[in-house]
Protein chains: 2
Amino acid sequence: MQQTSEILRELKIKVTPQRLSVYLAFNKARGHLSADEVYRAAQKKVPAISLGTVYSILENFCAKGLLREIKIDFNKSFYEMKKEPHHHFSCRICNKIFDVHMPVCSALRTNTVDGHIIDDFQGYFYGTCAGCLNGKKKK
Amino acid sequence: MQQTSEILRELKIKVTPQRLSVYLAFNKARGHLSADEVYRAAQKKVPAISLGTVYSILENFCAKGLLREIKIDFNKSFYEMKKEPHHHFSCRICNKIFDVHMPVCSALRTNTVDGHIIDDFQGYFYGTCAGCLNGKKKK
DNA sequence: TTTATATCTAGGAATGATTATTATATAGAA
DNA sequence: TTCTATATAATAATCATTCCTAGATATAAA
Ligand SMILES: [Mn+2]
Ligand SMILES: [Mn+2]
Ligand SMILES: [Zn+2]
Ligand SMILES: [Zn+2]
């Protein structure tokens with residue numbers, strides 16, 4: 001898509017088919033994707049794309065502020081389109097990740113604490129998700 | 001130490017020299033230790049201890065509520081003696097981890113959100129620590 | 001349009017923290 | 001002291017992520 005190229009160019013990101021396919025994967029999924037999930041989605045547009053390239057693109061997009069890395073899962077990273085700051089919830093049963101609809105309290109938006117300068121904050125909740133509470137099967 | 005054995009027994013943790021050495025490593029260091037740091041500290045008391053055993057003990061201590069796992073660093077876990085809930089700060093320059101002396105706001109202590117049941121919360125800040133701001137050398 | 005070049009990519013190897021396996025040792029109960 | 005469930009040591013396996021490099025290509029300049 002032409003407009004997607006524009007978005008990347010505005011961020012000084014060199015436009016390549018691989019990068020477009022990664023961007024579109026997030027645009028379509030709208031959730032939290034692992035590197036492997038991005039890889040599989042991108043392959044539909046660019047079959048020859050390599051996983052190493054996906055990692056490289058994810059790193060680049062995060063550096064440019066397009067994506068945000070989430071380390072709530074103890075085994076691997078997830079990525080999402082950067083939007084308003086919000087916390088995340090990880091279900092110990094089904095391992096799904098949810099956005100938490102709770103205002104991020106102002107104290108967390110401070111940019112300094114104990115003399116340290118803060119440039120990012122991540123809030124992670126762990127427990128049992130609503131779906132699993134209702135007896136739904138493990139994914 | 002006899003009293004350390006008592007603490008473990010009360011938690012139904014079988015007392016072994018390896019477990020005592022791991023417990024004492026945290027008792028002495030009082031900070032946030034990686035598995036490898038625990039391993040090296042424990043070796044001073046039990047030279048033949050294996051890294052696998054350290055991981056096994058860390059998992060056991062966490063399950064019994066003695067330790068808490070911290071995944072603020074993107075590469076490896078850290079562990080600390082469980083105490084009052086608090087946030088953590090990770091310096092992008094020196095990679096040190098600091099406790100954050102800021103009250104954990106009450107909204108974060110809720111035990112349910114969006115229909116999910118919460119049993120744990122982790123708050124991670126990232127940025128530049130006070131020491132690095134003052135021009136101290138990278139560790 | 002052609003050219004130049006800085007950057008990107010594919011493929012494969014390497015890394016490193018963590019987990020799994022299994023034979024042996026042992027803490028704690030009887 | 002004997003018994004047995006559990007812990008340990010040593011080692012191999014896992015697996016997400018990073019590193020490496022030769023060749024490809026997007027973009028800016030000519
Ligand atoms: Mn999110
Ligand atoms: Mn702490
Ligand atoms: Zn769930
Ligand atoms: Zn620092």
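Quick note on labels: first sequence line is chain A, next is B, and so on, each numbered from 1.
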> Base, backbone or nothing for each nucleotide of nucleotides 10-30 of chain D, written B, S, -, heavy atoms under 4.0 angstrom, 5' to 3'?
Replying inline: S-----SBB-------SS---
> Between D:dT8, C:dC8, C:dA10, which nucleotide gets closest to the side-chain atoms of B:Arg19?
Replying inline: D:dT8
> Can we call the ring centroids of A:Tyr124 and B:Tyr124 under 6.0 Å apart?
Replying inline: yes
> Are B:Gln18 and C:dT26 close enough that a side-chain N or O sits under 4.0 Å from OP1 or OP2?
Replying inline: no
> Just how far, in rounded Å, is C1' of C:dA29 from NZ of B:Lys12?
Replying inline: 13 Å
>> Less than 4.0 angstrom between a side-chain N/O of A:Thr53 and OP1 or OP2 of C:dA10, yes or no?
In response: yes
> To the nearest angstrom, how far is B:Tyr39 atom OH from D:dT8 atom P?
Replying inline: 14 Å
>> Could you check whether B:Tyr55 and B:Glu59, counting side-chain N and O atoms only, form a donor-acceptor pair closer than 3.5 Å?
In response: no
> Rounded to the Å, how far apart are A:Leu8 CG and C:dC8 C1'?
Replying inline: 14 Å
> Less than 4.0 Å between a side-chain N and a carboxylate O, is that true for B:Asp119 and A:Arg92?
Replying inline: yes
> Does anything in residues 14-36 of chain A pair up under ring pair (Phe, Tyr, Trp, His ring centres under 6.0 Å), and if so which pairs, sequence neighbours excluded?
Replying inline: A:His32-A:His88
>> For B:His101 together with B:Phe89, are the ring centres under 6.0 Å from each other?
In response: no
>> With a 6.0 Å cut-off (strictly less than), is the heavy-atom count around NZ of A:Lys28, excluding the residue itself, greater than 12?
In response: no
> What does the inter-axis angle of the helix from C:dT1-D:dA30 to C:dA30-D:dT1 come out as, five pairs per end, nearest 10 degrees?
Replying inline: 40°
> What is the ring orientation for A:His116 with B:Phe98, classed by angle as parallel under 30°, tilted 30 to 60°, or perpendicular over 60°?
Replying inline: tilted
> Under 4.0 Å between a Lys/Arg side-chain N and an Asp/Glu carboxylate O for B:Asp73 and A:Lys71?
Replying inline: no
> Expressed in angstrom and rounded to an integer, what is the separation of B:Phe74 atom CZ from C:dT18 atom P?
Replying inline: 15 Å
